[in-house]
Amino acid sequence: QSKINKPTLSEDQIIVLNDKIFEAYTNHIKVNIFIFNSNTITKLTGFINSINTSKKYIIFNKSHIFFNQIIKIDEVF
């Protein structure tokens, strides 16, 4: 897998992303989360178990994922 640069999100995209995170957590919606880590994008599927707004991370499938790692979130149908 080739290394890539982290995609840049606009302020509006970040707001939409945050809204989707909170909606998925509040309504217990199964989602695909795309995270940027070590110059690669990884897709994870599951449920958001908790959100820590002060430290800016979520618990997703028992893993800590920081808000700034998340580049996309989609509901699983």
Side-chain angles (χ1 to χ4, degrees):
Q1 191 171 6
S2 59
K3 295 191 180 236
I4 57 169
N5 292 326
K6 182 177 181 184
T8 304
L9 301 177
S10 70
E11 232 179 280
D12 289 342
Q13 289 172 311
I14 292 169
I15 291 168
V16 169
L17 200 58
N18 288 340
D19 289 346
K20 287 182 178 183
I21 290 168
F22 283 97
E23 180 185 0
Y25 173 69
T26 304
N27 298 311
H28 199 66
I29 298 169
K30 188 174 187 178
V31 291
N32 293 318
I33 288 186
F34 297 83
I35 62 167
F36 183 84
N37 193 20
S38 302
N39 294 339
T40 61
I41 296 174
T42 305
K43 175 183 160 186
L44 305 171
T45 302
F47 295 92
I48 298 172
N49 306 109
S50 66
I51 300 173
N52 186 321
T53 53
S54 62
K55 295 187 178 176
K56 299 185 179 186
Y57 69 83
I58 63 172
I59 303 293
F60 188 80
N61 296 341
K62 300 181 182 175
S63 297
H64 285 69
I65 300 173
F66 287 94
F67 289 175
N68 65 0
Q69 290 178 285
I70 302 169
I71 58 168
K72 185 179 175 185
I73 181 170
D74 291 325
E75 187 173 341
V76 174
F77 292 101

Q: Locate the shortest heavy-atom distance separating Tyr25 from Asn49; write the atom from each residue and the value.
A: CE1-O, 3.3 Å

Q) Transitively linked via ILVMFWY side-chain contacts under 4.5 Å: Phe47 with Ile59? A) no

Q.
According to side chain to side chain contact (heavy atoms under 4.5 Å, CB included), who are the partners of Thr53, at least two apart in sequence or on a separate chain?
A. Phe22, Ile51

Q) Any side-chain heavy atom of Ile65 sitting closer than 4.5 Å to one from Thr42? A) no

Q: Group every Ile, Leu, Val, Met, Phe, Trp and Tyr by side-chain heavy-atom contacts under 4.5 Å, then state whether Phe67 and Ile71 land in the same group.
A: no

Q.
Connecting only ILVMFWY residues whose side-chain heavy atoms lie within less than 4.5 Å of each other, what is the rest of Val16's hydrophobic cluster?
A. none

Q) Can you tell me how far the CD1 atom of Ile70 sits from the CG atom of Leu17, to the nearest 0.5 Å? A) 6.0 Å

Q | Shortest non-hydrogen separation from Gln69 to His64 and the atoms involved | A | OE1-O, 4.4 Å

Q: Would you list the pairs meeting side chain to side chain donor-acceptor pair (under 3.5 Å) in which at least one residue belongs to residues 6-19, sequence neighbours left out?
A: Ser10-Gln13

Q. How close do Asn61 and Gly46 get, heavy atom to heavy atom, and via which atoms?
A. OD1-CA, 3.6 Å

Below 3.5 Å, can you tabulate the donor-acceptor pairs from side chains in residues 27-38 to any protein atom, sequence neighbours excluded?
{"residue": "Asn27", "atom": "ND2", "partner": "Glu23", "partner atom": "O", "Å": "3.2"}
{"residue": "Asn32", "atom": "OD1", "partner": "Thr45", "partner atom": "OG1", "Å": "2.5"}

(Q) So, using side chain to side chain contact (heavy atoms under 4.5 Å, CB included) as the criterion, who are the partners of Lys55 when residues are at least two apart? (A) Asn52, Tyr57

Q | Residue pair Ser63 / Leu44, side-chain heavy-atom distance below 4.5 Å | A | no

(Q) Which residues pass the salt bridge (charged side-chain N to carboxylate O under 4.0 Å, His left out) test with Lys72, not counting sequence neighbours? (A) Asp74

Q. Are Ile14 and Ile48 connected in a single hydrophobic cluster, I mean Ile/Leu/Val/Met/Phe/Trp/Tyr linked by side-chain heavy atoms less than 4.5 Å apart?
A. yes

